[in-house]
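Shown next, in structure tokens, is the structure this report addresses.
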Number of protein chains: 2
Amino acid sequence: MFKEMPKESLYEFVRQAVPCVGFNTRRATRLVTQYYDKTLAPSGLRSTQYSLLSALSMMDEASMQELAHILAMDRTTLTRNLSPLLRKGLVKVKVGSDRRSRPLTLTPKGQSTLEKALPYWEKAQSRIVNEIGAEQWDLMMRGLHQISMIVEENT
Amino acid sequence: MFKEMPKESLYEFVRQAVPCVGFNTRRATRLVTQYYDKTLAPSGLRSTQYSLLSALSMMDEASMQELAHILAMDRTTLTRNLSPLLRKGLVKVKVGSDRRSRPLTLTPKGQSTLEKALPYWEKAQSRIVNEIGAEQWDLMMRGLHQISMIVEENT
DNA sequence: ACATAATGAGTGTATATACACTTATTATTG
DNA sequence: CAATAATAAGTGTATATACACTCATTATGT
């Protein structure tokens, strides 16, 4: 069916022939995450780890469920994602007044690691936002939030 | 810092306070993938598997590298993603004329599984596209492609 | 033709992701 | 107050993801 088609056109064809919301968001996210991972590498943080620390730094302390909700991440995924951060001593787990809960806080080392990572994040971020333009990125953000809300309601 | 803030506002605050392209695309993708996974469940396929089969069905046969490139996925990730599909007999691996290559094709079972999954995919897809509107989704698609291209050039 | 480059793909390891199930603790209800 | 329901979090298992490294095969340069 596509034997006559040159390879480069085939790439373009398939990419554009798949209109799936899931396919396209996952595909873009793979690329974006690879890019942020590479740029953040000198800080020793992966993209997900940077996001987690960044969200946590905005809160006094967070229960696992709160943080998982904010990150739109399964609670058990957060447990696993936490483990390299605990090992490196960037996050601390306490025991709450309700002894079932395990409130999370950033350690001083976590705070300083985040600060050291900031310039690398800014480099990656500005590269993308400058190229597509601030208004375009604003539209994208709104679209992503809109899709997220539709899907969150549906749970 | 946020102790006075009610929990619900905190969620909204943190979500909107993190302007990171990576954070927002990953977050939305987690939600979207969960949604497609749930909707596709009766077909026995996960989102990624559906995408892979779908792309493969548009090609006569694909080398691993071609397919990995189309999916913007590391070649070794494709190797791993293939394994449940091979186990279920949905994809077949041949040996090419160049004996280093391993061309992939959909099996008849793979084709029929994809066809059976189509209505479930349509349900998930139309739900989202109807809610945000076709023009809005078109804008999103263009934005995702634009970001993908910026990032791909930077490799 | 042979030594070396380049290329296509797989493995080892680590993180990311989520579901089903379990454990520990707190809340509720009779 | 004791039995039971609800809640917060962890484990087992499977897939998803990518980097460093390796292996096998083809291409290339002399």
Side-chain angles (χ1 to χ4, degrees), chain A residues 22-23 25-38 40-41 44-53 61-69 71-88 90 93-104 151 155, chain B residues 22-23 25-38 40-41 44-53 61-69 71-88 90 93-104 151 155:
Chain A
F23 174 83
T25 54
R26 269 197 311 285
R27 187 179 188 280
T29 295
R30 277 192 293 271
L31 285 164
V32 167
T33 299
Q34 281 168 43
Y35 176 59
Y36 275 80
D37 276 353
K38 270 180 195 127
L40 283 172
L45 293 175
R46 311 266 305 260
S47 299
T48 304
Q49 301 173 349
Y50 181 86
S51 296
L52 202 163
L53 296 182
E61 72 179 33
S63 74
M64 306 220 48
Q65 270 186 332
E66 276 171 4
L67 192 54
H69 185 199
L71 300 174
M73 182 180 283
D74 190 273
R75 187 184 51 73
T76 66
T77 301
L78 178 57
T79 300
R80 308 294 158 103
N81 286 354
L82 228 43
S83 99
L85 300 174
L86 292 171
R87 177 161 39 75
K88 292 188 212 165
L90 308 180
V93 181
K94 297 195 301 180
V95 177
S97 51
D98 181 336
R99 281 181 309 173
R100 291 170 298 187
S101 72
R102 307 269 191 285
L104 304 172
V151 171
T155 310
Chain B
F23 174 83
T25 54
R26 269 198 310 284
R27 186 178 188 280
T29 296
R30 278 193 292 270
L31 286 165
V32 167
T33 299
Q34 282 168 42
Y35 176 59
Y36 275 80
D37 276 353
K38 271 179 195 127
L40 283 173
L45 293 175
R46 311 266 305 261
S47 300
T48 305
Q49 301 173 349
Y50 181 85
S51 295
L52 201 163
L53 296 181
E61 72 178 34
S63 75
M64 306 220 48
Q65 270 186 332
E66 275 171 5
L67 192 54
H69 184 198
L71 300 174
M73 183 181 282
D74 190 273
R75 186 184 52 70
T76 66
T77 300
L78 179 57
T79 300
R80 308 293 159 103
N81 285 353
L82 228 42
S83 100
L85 300 174
L86 292 171
R87 178 161 38 74
K88 292 187 212 166
L90 308 180
V93 181
K94 297 195 302 180
V95 177
S97 50
D98 180 336
R99 280 180 310 173
R100 290 171 298 185
S101 72
R102 307 270 191 285
L104 305 171
V151 171
T155 311

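So that the names make sense, note that chain A is the first sequence line, chain B the second, and so on, each numbered from 1. The figures that follow rest on heavy atoms only: side chains count, while hydrogens, waters and symmetry mates do not.
Side-chain N or O atoms of B:Arg99 include none that pairs as donor or acceptor with a backbone N or O of B:Ser97 at under 3.5 Å. Using a distance-only test at 3.5 Å, with no hydrogens or angles considered, no donor-acceptor pair links the side chain of B:Arg75 to the main chain of B:Met73. A:Lys94 places no side-chain N or O within 3.5 Å of a backbone atom of A:Glu61 that could act as its donor or acceptor partner. The closest donor-acceptor contact from the side chain of B:Arg102 to the backbone of B:Val93 lies at 3.5 Å or more, if one exists at all.
Across all strands shown, B:Arg46 has heavy atoms under 4.0 Å from sugar-phosphate atoms exclusively, and none from any base. Among the protein residues, A:Arg102 comes within range of the sugar-phosphate backbone only, with heavy atoms under 4.0 Å from sugar or phosphate atoms but none that close to a base. Here A:Thr77 lies in heavy-atom contact (under 4.0 Å) with a base. Note on A:Ser63: only backbone sugar-phosphate atoms sit closer than 4.0 angstrom, heavy atoms only; bases stay farther off. The residue A:Thr76 sits close to a base: some heavy atom pair falls under 4.0 Å.
When distances run from any side-chain atom of A:Asp74 to the nucleotides D:dA6, C:dC19, C:dT7, the shortest one goes to C:dC19. Looking at the side chain of B:Arg100, the nearest of the listed nucleotides C:dT15, D:dT26, C:dT26 is D:dT26. The side chain of B:Lys38 sits closest to C:dC19 out of D:dT7, D:dA24, C:dC19. If you check C:dT11, D:dA9, C:dT17 against the side chain of B:Thr79, the one that comes closest is C:dT11. Here D:dA8 is the nucleotide among D:dA8, D:dT17, C:dA9 with the atom lying nearest to any side-chain atom of A:Ser101.
Under the Watson-Crick and G-U wobble criteria, each requiring two contacts below 3.5 Å, nucleotide C:dT7 is paired to D:dA24.
Nearest heavy atoms, A:Ala62 versus A:Leu67: CB-CB, 4.3 Å. Smallest separation of non-hydrogen atoms from A:Leu40 and A:Ser47: CD1-CA, 4.0 Å.
Comparing A:Ala62 and B:Pro84 against DNA chain D, the residue whose closest nucleotide sits nearer the 5' end is A:Ala62. Each of B:Arg75 and A:Lys88 was assigned the nucleotide of DNA chain C with the nearest heavy atom; the assignment lying further toward the 5' end belongs to B:Arg75. Nearer to the 5' terminus of DNA chain C, by closest-nucleotide assignment, is the contact made by B:Met64 (compared with the other of A:Thr48 and B:Met64).
Put simply, the side chain of A:Arg26 and the base of C:dT17 share no donor and acceptor less than 3.5 Å apart. One cannot find a donor-acceptor pair under 3.5 Å joining the base of D:dT25 and the side-chain atoms of B:Arg99. The base of C:dT15 has none of its N or O atoms less than 3.5 Å from a complementary donor or acceptor on the side chain of A:Arg87. For C:dT17, its base never sits under 3.5 Å from the side chain of B:Arg30 at any donor and acceptor pair.
Protein atom CG of A:Asp37 is 19 Å distant from nucleotide atom P of D:dA16, rounded to whole Å. The interatomic distance linking A:Leu82 (CG) with C:dT17 (P) rounds to 13 Å, in whole Å. When the C1' atom of D:dA16 is taken as reference, atom CE of B:Met73 falls 8 Å away, rounded to whole Å. Rounded to a whole Å, the CZ atom of B:Arg80 is 13 Å from the P atom of D:dC19. Spacing between atom CD of A:Gln49 and atom C1' of C:dT17 amounts to 14 Å, rounded to whole angstrom units. Regarding A:Leu71, its CG atom lies at a distance of 12 Å from the P atom of C:dA16, rounded to whole Å. Computed from coordinates, the B:Leu78 CG to C:dA9 P distance equals 9 Å when rounded to whole Å. As rounded to whole Å, 14 Å separates atom P of C:dA16 from atom CZ of B:Phe23.
Annotated as anti: D:dA27, whose O4'-C1'-N torsion sits more than 90° from 0.
Shown are B:Thr25, B:Thr33, B:Thr29; of these, the side chain to side chain contact (heavy atoms under 4.5 Å, CB included) with A:Thr25 is made only by B:Thr29.
A sub-4.0 Å separation between OP1 or OP2 of C:dT15 and a side-chain N or O of A:Asn81 is absent.
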